[in-house]
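Remarks on the structure that follows.
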Amino acid sequence: MGQAVVIPRAHHPISRDDISDNALKVLYRLNKAGYDAYLVGGCVRDLMLGLRPKDFDVVTNATPEQIKGLFRNCRLIGRRFRLAHVVFGREIIEVATFRGHHSDSDNNDKAKHASKQSDHGQLLRDNVFGSIEEDAERRDFTLNAMYYNIADYSVHDFANGMQAIQSRKIEMIGDPEVRYREDPVRMLRAVRFAAKLDMQIAQASANPIPALASLLANIPPARLFEEVLKLFLSGQGLATFKLLQEFNLFGQLFPQTAPLLKNPDSRETRFIEQVLINTDNRINSGLKVTPAFFYAALLWYPIEQRCQQLMNEGGFNAHDAFNLACNDVLDRQLQRIMIPKRFSIPMRDIWMLQSRLNKRFGRRAYQMLEHPKFRAAYDFLLLRGDIEGGELHELAEWWTEFQQADDNGRKKLLSDLQGGSQARRTNKRRRYNTKKKA
Ligand code: ATP
Ligand code: MG
């Protein structure tokens with residue numbers, strides 16, 4: 001890679017007004033102490049694009065210990081990557097030391113200890129420090145390898161990132177296949193940036209992905225949980241989902257759901273797309289979303305399918321089959337993605353409440369309104385009703401009315417229901433009788 005193209009302050013749009021004060025503090029302090037200090041990665045990319053960065057990452061030639069020496073509010077973290085976190089209340093500025101290479105010819109014991117590679121070419125440990133040029137080569141995409149220098153406010157562009165931004169291309173630095181093998185999560189990142197920035201993955205960077213997608217099986221489920229949140233809760237969840245499917249990646253993350261989504265017009269596909277549309281809308285209007293709802297939705301139809309199977313083949317009754325199906329499907333999903341208990345518990349509530357919402361007798365209906373997960377379960381039912389129509393839609397409408405009604409209205413809704421179910425029962429009997437006669 002070698003020399004960077006240096007873009008002086010006058011020729012790029014990044015202003016210090018758009019940089020977090022805390023990040024500036026860290027950069028200036030490092031620089032005053034005689035170290036090089038740069039902003040790097042997503043924040044430089046986003047500022048170049050006129051977007052508001054999520055966070056500000058700093059790199060320097062100071063070692064983690066030297067960084068710690070400069071900041072009282074600093075802690076060192078990470079094994080795979082050793083980093084410094086400088087903590088300012090709720091904002092954390094991540095400060096990393098330039099990373100270097102570790103080639104096989106490296107017979108240096110220190111380097112061997114500092115880095116580690118698996119049989120699949122995956123990097124397991126990565127703590128060799130290096131120069132800024134080496135650091136740039138180790139980054140993923142060309143538009144993520146731009147460095148904003150606090151010493152003179154210039155931007156150092158090591159991999160033609162500016163050109164990639166202009167041509168709206170996500171382009172891997174180096175040999176894409178080697179880089180995906182080193183860290184298969186880069187395939188998910190390619191898709192995430194393409195969707196989020198509305199750009200194309202460059203042909204050479206896109207080509208190897210479908211064939212290498214299965215390497216995601218080697219990523220620890222806890223890391224995948226974090227990545228999946230970023231994929232789906234970025235405000236471009238639907239676009240991301242479509243790209244994941246196109247690149248054969250979705251099935252690696254959700255092996256039980258993917259087979260149900262082969263038909264783009266099926267209720268399964270429409271349901272998930274609708275969930276993602278709603279999620280995107282909420283995020284883009286500043287509302288909160290919970291991963292529990294989203295995961296509950298992604299696993300709903302696999303549960304329904306498993307439940308049917310347990311009833312047909314295992315001879316279980318509907319209630320037991322449903323409980324077992326929830327356990328089975330969740331257990332299998334957890335082998336891929338480690339969903340923390342604080343989300344899997346509400347997911348289960350949402351699922352369980354789906355059948356309880358069907359049982360609307362007097363006191364139970366009132367109790368249901370008090371359930372802490374009623375709102376989520378009702379939203380879930382509403383969505384299922386929209387997609388499937390029929391009785392499910394009527395059930396959802398009934399709950400809408402029941403919530404909005406006053407005391408008398410609620411009583412009436414419940415008694416109508418009793419009348420209704422009685423009428424249905426007599427109807428059934430009548431039909432039965434006619435059949436018998438015929
Ligand atoms: P976001 O807007 O989602 O934060 P980002 O590009 O800042 O996007 P981060 O995960 O914060 O993503 O990473 C910061 C930078 O670190 C990236 O821009 C990239 O240069 C580098 N990087 C992150 N993950 C990898 C990876 N898996 N392989 C190589 N470089 C990476
Ligand atoms: Mg970032």
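First listed ligand is number 1; within each ligand, the first listed atom is number 1. When a residue number appears, it is its place in the shown sequence, counting from 1.
The contact set between ligand 1 and G42, taken as ligand atoms under 4.0 Å from a residue heavy atom, comprises 5 (P), 6 (O), 7 (O), 18 (O). Near F193, meaning under 4.0 Å from any of its heavy atoms, are these atoms of ligand 1: 6 (O), 8 (O). Applying the 4.0 Å criterion to heavy atoms of D57 picks out, from ligand 1, the atoms 11 (O), 14 (C). Heavy-atom proximity to D183, at under 4.0 Å, picks out these atoms of ligand 1: 26 (C), 27 (N). Atom numbering of ligand 1 starts at 1 in the shown order; those under 4.0 Å from a heavy atom of R138 are 29 (C), 30 (N). In the vicinity of G41, heavy-atom distances shorter than 4.0 Å reach the ligand 1 atoms 18 (O).
Contact annotation for K54 and ligand 1: only side-chain heavy atoms (C-beta onward) come within less than 4.0 Å of the ligand.
Closest to the Mg ion (ligand 2) among the N, O or S atoms of D55 is OD1.
The residue from E227, R99, R186 that puts a heavy atom closest to atom 26 (C) of ligand 1 is R186. Closest heavy-atom approach to atom 2 (O) of ligand 1 among the candidates R223, K196, R189: K196. If you check each of R45, K230, R192 against atom 3 (O) of ligand 1, the one with the closest non-hydrogen atom is R192.
When all heavy atoms of R179 and E137 are compared, the closest pair comes out as NH1-O, 3.4 Å. Shortest non-hydrogen contact noted between I173 and A136 is CD1-O, 3.6 Å.
In this structure, F141 falls outside the shell of residues with a heavy atom less than 4.0 angstrom from ligand 1.
Residues F343 and F294 fail the side-chain proximity criterion, which asks for heavy atoms closer than 4.5 Å. The shortest distance between side-chain heavy atoms of Q200 and I170 does not fall below 4.5 Å.
In this structure, R189 forms no cation-pi arrangement with F141, as its terminal cationic atom is not both closer than 6.0 Å to the ring centre and no more than 45° off the ring axis.
Between F293 and F380, the ring-plane angle classifies as perpendicular under the 30° and 60° cut-offs.
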